[in-house]
Amino acid sequence: MKAPLIGISRHRIMVDGKGITTLVAFHDCPLRCRYCLNRQCLEPNGILRTITPEQLLEETRIDDLYFQATGGGITFGGGEPLLRSRFIEAFCRIAPPEWNIAVESSLNVTQIHLQRLLPFINQYIIDVKDMNPTIYRNYTTKNNTRSIANLHWLVSQGMADKVKIRLPEIPEYNTPSDVDESQKTLEAMGYHDFERFTYLTEVKIRS
């Protein structure tokens, strides 16, 4: 079994999960976000390389001491990592059980991927974009029906305390009031850990 990667980034501190982490970023995504941060994941020639679960473990084991000392581990991102749920499952079955395994996901996937990984994922970092269906479609070109259903499903499985929700203010697409409404909707579902921020779409240099 092999999966296509756009990159592996080591020694990330408290930005992609608990402790010191290694971010493993997969190629491919179901969304087409207007301000995509990793457009390489959508390009046919954007694949850096392919790798097996065993090869990934061999590469990441070098940081075992850091992971165990800080409660960190592997964070799967992308792209959309849940599209590679079989690969992640195979990796988790051979990885040290002390490692924290996290996924950064939009949840816009069929539920079977979440079901497959439920026993293995310690932390979910969910980028919901916006809970308003019209805003979501305008920004991603897709609908958020699956994402919302999967958010409800995670709550039903008792996973709400393991989820961090990212709530961006997206210039030209939503407003602070829209972000407030998204948070209220998610709080009503049972979520309580939110990270709010604003997308920077351009850098202005002062003369």
Side-chain angles (χ1 to χ4, degrees), residues 1-18 20-53 55-57 59-60 63 72-92 95 99-118 120-130 136-137 139-151 153-154 159 162-168 170 195 197 199:
M1 179 190 301
K2 288 189 174 184
L5 301 183
I6 62 172
I8 296 178
S9 179
R10 297 171 58 206
H11 299 165
R12 299 169 69 88
I13 302 175
M14 300 298 291
V15 293
D16 297 299
K18 299 176 183 178
I20 294 176
T21 61
T22 291
L23 176 65
V24 178
F26 292 105
H27 187 267
D28 202 10
C29 183
L31 306 183
R32 296 296 182 269
C33 298
R34 304 300 186 181
Y35 301 136
C36 179
L37 297 178
N38 293 315
R39 291 194 178 277
Q40 182 182 353
C41 76
L42 302 175
E43 298 168 357
N45 62 350
I47 298 172
L48 179 68
R49 58 179 167 140
T50 60
I51 197 169
T52 67
Q55 289 169 333
L56 180 61
L57 178 61
E59 284 195 30
T60 55
D63 290 320
I74 306 299
T75 297
F76 292 102
E80 175 52 68
L82 292 181
L83 295 176
R84 309 294 173 183
S85 61
R86 291 190 182 278
F87 180 99
I88 295 173
E89 177 188 13
F91 176 84
C92 290
W99 290 8
N100 187 74
I101 304 296
V103 292
E104 295 182 337
S105 172
S106 69
L107 293 187
N108 205 317
V109 297
T110 55
Q111 198 174 97
I112 186 63
H113 296 292
L114 281 168
Q115 293 171 351
R116 181 176 293 127
L117 294 180
L118 188 66
F120 306 104
I121 303 304
N122 306 114
Q123 188 176 14
Y124 302 83
I125 303 167
I126 308 303
D127 187 357
V128 300
K129 315 300 181 185
D130 199 285
Y136 189 96
R137 176 176 284 278
Y139 179 65
T140 69
T141 76
K142 308 294 180 180
N143 68 64
N144 62 351
T145 304
R146 283 179 172 171
S147 299
I148 292 172
N150 286 330
L151 285 163
W153 185 81
L154 284 173
M159 294 292 109
K162 295 185 177 182
V163 176
K164 176 188 287 291
I165 303 282
R166 288 178 171 163
L167 289 173
I170 311 170
E195 179 185 354
F197 54 95
Y199 283 174

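Just so we're clear, the structure is a prediction, and the values are computed from it rather than from any experiment. The first residue in the sequence is number 1, and the count goes up from there.
Using a 4.5 Å heavy-atom threshold, the side chains of Arg116 and Ile88 count as separate. For the pair Ile20/Arg10, no side-chain contact is recorded, criterion being any heavy-atom separation below 4.5 Å from C-beta on. In this structure, the side chains of Gln111 and Asn150 come closer than 4.5 Å at one or more pairs of heavy atoms. Residues Thr22 and Glu59 fail the side-chain proximity criterion, which asks for heavy atoms closer than 4.5 Å. The closest side-chain heavy-atom distance from Leu83 to Phe26 is not below 4.5 Å. Under the 4.5 Å side-chain criterion, counting only non-hydrogen atoms from C-beta, Ile170 is not in contact with Asp130.
Side chain of Gln40 to backbone of Gly46: a donor-acceptor contact under 3.5 angstrom is found. Counting only distance, with no hydrogens or angles, the side chain of His27 and the backbone of Pro4 share no donor-acceptor pair below 3.5 Å. For Asn108 (side chain) and Asn143 (main-chain N/O), a donor-acceptor pair under 3.5 Å exists by modelled atom type. Side chain of Glu80 to backbone of Val109: no donor-acceptor contact under 3.5 angstrom is found. Judged purely by atom type and a 3.5 angstrom limit, Ser147 uses its side chain to pair as donor or acceptor with the backbone of Ser106.
Atom NZ of Lys164 sits in a crowded spot, with more than 12 heavy atoms from other residues, nucleotides or ligands closer than 6.0 Å.
Not counting sequence neighbours, the partners of Tyr199 by the ring-ring contact (aromatic ring centres under 6.0 Å, His included) test are Phe197. Checked against side-chain contact (heavy atoms from CB on, under 4.5 Å), Arg12 has the following partners two or more places apart in sequence or in another chain: Ser9, Val15, Asp16, Thr21, Leu23.
We find the CZ-OG1 distance between Arg32 and Thr141 to be 7.0 Å, quoted to the nearest 0.5 Å.
Between Ser105 and Leu82, the closest heavy-atom pair is OG-CD1, 3.3 Å. Closest of all the heavy-atom pairs between Cys29 and Cys41 is CB-SG, 4.1 Å. Closest heavy-atom contact between Glu89 and Phe120: CG-CE1, 3.7 Å.
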